[in-house]
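Structure first, then comments.
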Amino acid sequence: MSCSAPLVDAFNRRITYLRLSVTDRCDLRCSYCMPEQMQFLPRKEVLSLEELHKLALAFIDRGISKIRLTGGEPLVRRDMIQLVQALGRKLGDGLEELTLTTNGTQLAQHADDLAAAGIRRINVSLDTMDNSLFQTLSRRDRLGQVLQGIAAAKEAGLKVKLNTVALKNLNEAEIPFLVEWAHAQGHDMTLIEVMPLGEVEGERVDHYLPLTVVQDALEARWTLVPSEYRSGGPARYFDVVETGGRLGLITPLTNNFCAGCNRIRVTATGQLYACLGGAEQVDLRAALRSDSPDANLAAALDEAMRIKPERHHFRIERGQEPAQPRHMSLTGG
Ligand SMILES: Nc1nc2c(ncn2[C@@H]2O[C@H](COP(=O)(O)OP(=O)(O)OP(=O)(O)O)[C@@H](O)[C@H]2O)c(=O)[nH]1
Ligand SMILES: C[S@@+](CC[C@H](N)C(=O)[O-])C[C@H]1O[C@@H](n2cnc3c(N)ncnc32)[C@H](O)[C@@H]1O
Ligand code: SF4
Ligand code: SF4
């Protein structure tokens, strides 16, 4: 049960979902997310396990009921399972859902521990099942490990949702096959429009694929019935009659969902970003390390509610600067 004032922003949106990044580091280099020569933060800047735990408890006390651990790649952090175990003890005691988003490369080693700690559902990013395209997109040769990770998660009893960023001229033609495969395995799937955050090599506009186009193509093949299902994130879901599975669409560009925003994110260095697309931030690490951490954290969260903007202003056009210079891997998406 939450005991302190709930988090409500200036637009009367109740914030119940925390995306907590545990590291900015990653073992892949997805071309839409970061450049090959990505500069990672010095380790000393990153919050300790104890600090992440304390921060999460402060959020739960303010009515956060869903925590998604993310990154960078959360499973490259060595004490990640300890954090999951510590937070898992809050499930049913203020926390309703603890989950993570992972690239899957290390999932096979950790799936049993994640399930044992109380995680029920995880999101795994998979943009292609073609080995050579996987290497092009992620700049690493790890498709086999990712597929093993997805299989291990299923084996461990975790409900898997696959995340696929839709990319023109890259995985575009493969999308129906990916949906079919996911549904045949019993996994939900979410398609995502690429967002303009952080400089990458090349222009995002060259591979931006509006999901309106993908939806039309899928509807020419299958029957998509709008679903009442909600996962608490930004996806709108459809039941695909022919495959018997669920398909989510995340459409920041073609169908803005900010009016229903229920989330904030915190980086591995304790910077709270009030919006994925905005610069508004509050330094929680300073509050956490101050003489009165409880009072200062409470004040910092109140400040975050005051400054949270109404919406993002993403545009994907040739020559356009990213909406924010920081990469997705810093905020965890
Ligand atoms: N624009 C925008 N994109 C978001 C937001 N939250 C998540 N996303 C994007 O949605 C995609 C999928 O994110 P996930 O980490 O799987 O989280 P989720 O969609 O909330 O997951 P569920 O709990 O399964 O609904 C990623 O590309 C995120 O960057 C948001 O608040 N705004
Ligand atoms: C930043 S990653 C962090 C977690 C983990 N490394 C992973 O890839 O699942 C979270 C999600 O953001 C997505 N993502 C990364 N960069 C993106 C971008 N520029 N536009 C849209 N989605 C992006 C990824 O595909 C992934 O599903
Ligand atoms: S999308 Fe995830 S896996 Fe890919 S580079 Fe970014 S943080 Fe790493
Ligand atoms: S872009 Fe900002 S306001 Fe819109 S849903 Fe995401 S975090 Fe919320």
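Note that ligands are numbered from 1 as they come in the structure, with each ligand's atoms numbered from 1 the same way. Keep in mind the model is a prediction, meaning the values are calculated, not measured.
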Worksheet entry | Intermediate values then yes/no, side-chain contact (heavy atoms from CB on, under 4.5 Å), Leu167 and Leu137 | CA-CA 10 Å; Leu167 298 161; Leu137 286 179; 3.8 Å; yes
Worksheet item: For ligand 2, is any non-hydrogen atom under 4.0 Å from Thr101's backbone (N, CA, C, O), its side chain (CB onward), both, or neither?
Response: both
Discussion item. When you measure from the heavy atoms of Pro234 to every atom of ligand 1, does any distance fall below 4.0 Å?
Written reply: yes
Worksheet item: Among protein heavy atoms, which lies nearest atom 26 (C) of ligand 1, and at what distance?
Response: Ile192 CD1, 4.0 Å
Practice prompt. Report, as yes or no, whether the 6.0 Å neighbourhood of atom CD on Glu45 holds more than 12 heavy atoms from other residues, nucleotides or ligands.
Written response: yes
Worksheet item: With a 4.0 Å cut-off, would you call Arg221 and Glu242 a salt bridge?
Response: no
Worksheet item: What are the two closest non-hydrogen atoms of Tyr17 and Gly233, and how far apart are they?
Response: CE2-CA, 4.0 Å
Practice prompt. Do me a favour and list the nearest non-hydrogen protein atom to atom 18 (P) of ligand 1 with residue, atom name and distance?
Written response: Tyr17 OH, 3.6 Å
Discussion item. Assess, by modelled atom type and distance only, whether the side chains of Arg68 and Thr101 contain a donor and an acceptor separated by less than 3.5 Å.
Written reply: yes
Worksheet item: Should Asp127 be counted as touching ligand 2, given the test is an N or O pair under 3.5 Å?
Response: no
Item to complete: For Thr70, take its heavy atoms, then give the atoms of ligand 2 lying under 4.0 Å from any of them.
Response: 3 (C), 4 (C)
Worksheet item: Is Glu36 paired with Arg140 through a side-chain N to carboxylate O contact shorter than 4.0 Å?
Response: yes
Worksheet item: Any donor and acceptor pair, going by atom type alone, linking the side chain of Glu193 with main-chain N or O of Leu253 inside 3.5 Å?
Response: yes
Discussion item. Hydrogens and angles aside, do Glu97 and Ser65 bring a side-chain donor and acceptor to less than 3.5 Å of each other?
Written reply: no
Worksheet entry | Under 4.0 Å to a heavy atom of Gly72 - the qualifying atoms of ligand 3, by number | 7 (S)
Worksheet item: Does His327 have a non-hydrogen atom less than 4.0 Å from ligand 2?
Response: no
Response to the item:
re atom 23 (O) of ligand 1, the protein heavy-atom contact at minimum distance is Lys66 NZ, 2.4 Å
Item to complete: Heavy-atom contacts with Glu193 under 4.0 Å: which atoms of ligand 2 show up? List them by number with element.
Response: 21 (C)
Worksheet item: When only distance counts, is Ser125 in polar contact with ligand 2, meaning an N/O pair under 3.5 Å?
Response: yes
Worksheet item: Just checking, is any N or O donor in the side chain of Tyr237 or Asp188 under 3.5 Å from an acceptor N or O on the other one?
Response: no
Practice prompt. Run the numbers for me: atoms of ligand 2, each under 4.0 Å from some heavy atom of Asn163, listed by number.
Written response: 27 (O)
Discussion item. Please list the nearest protein heavy atom to atom 6 (N) of ligand 2 with its residue and the distance rounded to 0.1 Å.
Written reply: Gly72 O, 2.9 Å
Worksheet item: When hydrophobic residues are tied together by side-chain contacts of less than 4.5 Å, even through go-betweens, does Tyr32 share a cluster with Leu133?
Response: yes
Worksheet item: Within Cys33, is some N, O or S atom less than 2.8 Å away from atom 8 (Fe) of ligand 3?
Response: no
Discussion item. Quick test of your reading of the structure: of Leu276, Leu162, Asn256, whose heavy atom lies closest to atom 2 (C) of ligand 1?
Written reply: Leu276
Worksheet item: Heavy atom of Glu97 under 4.0 Å from ligand 1?
Response: no
Discussion item. Under 4.0 Å between a side-chain nitrogen and a carboxylate oxygen: does that hold for Asp302 and Arg62?
Written reply: yes
Practice prompt. Write out the residue and atom name of the closest protein heavy atom to atom 16 (N) of ligand 2, then the distance separating them to 0.1 Å.
Written response: Met328 CG, 3.2 Å
Worksheet, complete the sentence: Within 4.0 Å of some non-hydrogen atom of Val165, the atoms of ligand 2 are 22 (N), 25 (O)
Worksheet item: How far is atom 10 (O) of ligand 1 from its nearest protein heavy atom, and which residue and atom name does that atom have?
Response: Ile250 CD1, 3.4 Å
Response to the item:
Closest to atom 10 (C) of ligand 2 among protein heavy atoms sits Gly332 O, 3.8 Å
Worksheet, complete the sentence: Contact region, Arg265 to ligand 1, non-hydrogen atoms below 4.0 Å, reads side chain
Item to complete: May I have the step-by-step check of side-chain contact (heavy atoms from CB on, under 4.5 Å) for Lys154 and His187, ending in yes or no?
Response: CA-CA 9 Å; Lys154 183 177 174 181; His187 306 320; 4.0 Å; yes
Worksheet item: Would you say the side chains of Asn171 and Thr128 form a donor-acceptor pair under 3.5 Å?
Response: no
Worksheet, complete the sentence: With heavy atoms and a 4.0 Å threshold, my read on which part of Leu28 contacts ligand 2 is neither
Worksheet entry | His312 N/O under 3.5 Å from ligand 1 N/O | no
Worksheet item: To the nearest 0.1 Å, how far is atom 9 (C) of ligand 1 from its closest protein heavy atom, and which atom is that?
Response: Met195 CE, 3.8 Å
Item to complete: Would you tell me whether Glu73 and Thr102 have side-chain atoms, one donor and one acceptor, within less than 3.5 Å of each other?
Response: yes
Worksheet item: Looking at atom 12 (O) of ligand 2, what's its closest protein heavy atom, distance included?
Response: Gly333 CA, 4.5 Å
Worksheet entry | Non-hydrogen atom of Thr70 closer than 4.0 Å to ligand 1 | no
Discussion item. Suppose we measure from atom 25 (O) of ligand 2 to each protein heavy atom; which comes out shortest, and what is that distance?
Written reply: Tyr32 OH, 3.2 Å
Item to complete: Apply side-chain contact (heavy atoms from CB on, under 4.5 Å) to the pair Leu197 and Phe314, showing each step before the final yes or no.
Response: CA-CA 9 Å; Leu197 290 162; Phe314 293 154; 4.1 Å; yes
Item to complete: May I ask you to identify the nearest protein heavy atom to atom 24 (O) of ligand 1, giving residue, atom name and distance to one decimal place in Å?
Response: Lys161 NZ, 2.8 Å
Discussion item. I need the nearest protein heavy-atom contact for atom 28 (C) of ligand 1: residue, atom name and distance, please.
Written reply: Gly333 C, 3.8 Å
Fill in: Part of Met34 with heavy atoms under 4.0 Å of ligand 3, whether side chain, backbone, both or neither
side chain
Discussion item. Below the 3.5 angstrom mark, is there an N/O of Met195, backbone or side chain, next to an N/O of ligand 2?
Written reply: yes
Item to complete: Looking only at distances, please establish whether an N/O atom of ligand 2 is found under 3.5 Å from an N/O atom of Arg19.
Response: no
Item to complete: Examine ligand 2 and decide if any of its atoms is less than 4.0 Å from a heavy atom belonging to Leu197.
Response: no
Worksheet item: How close does the nearest protein non-hydrogen atom get to atom 30 (C) of ligand 1, and which residue and atom is it?
Response: Arg263 NH1, 3.1 Å
Item to complete: Search all heavy atoms of Pro309 against all heavy atoms of Ala274 and return the closest pair with its distance.
Response: CD-CB, 4.1 Å
Discussion item. Are any of the N/O atoms on Gly233, whether in the backbone or the side chain, positioned under 3.5 angstrom from an N/O atom of ligand 1?
Written reply: yes
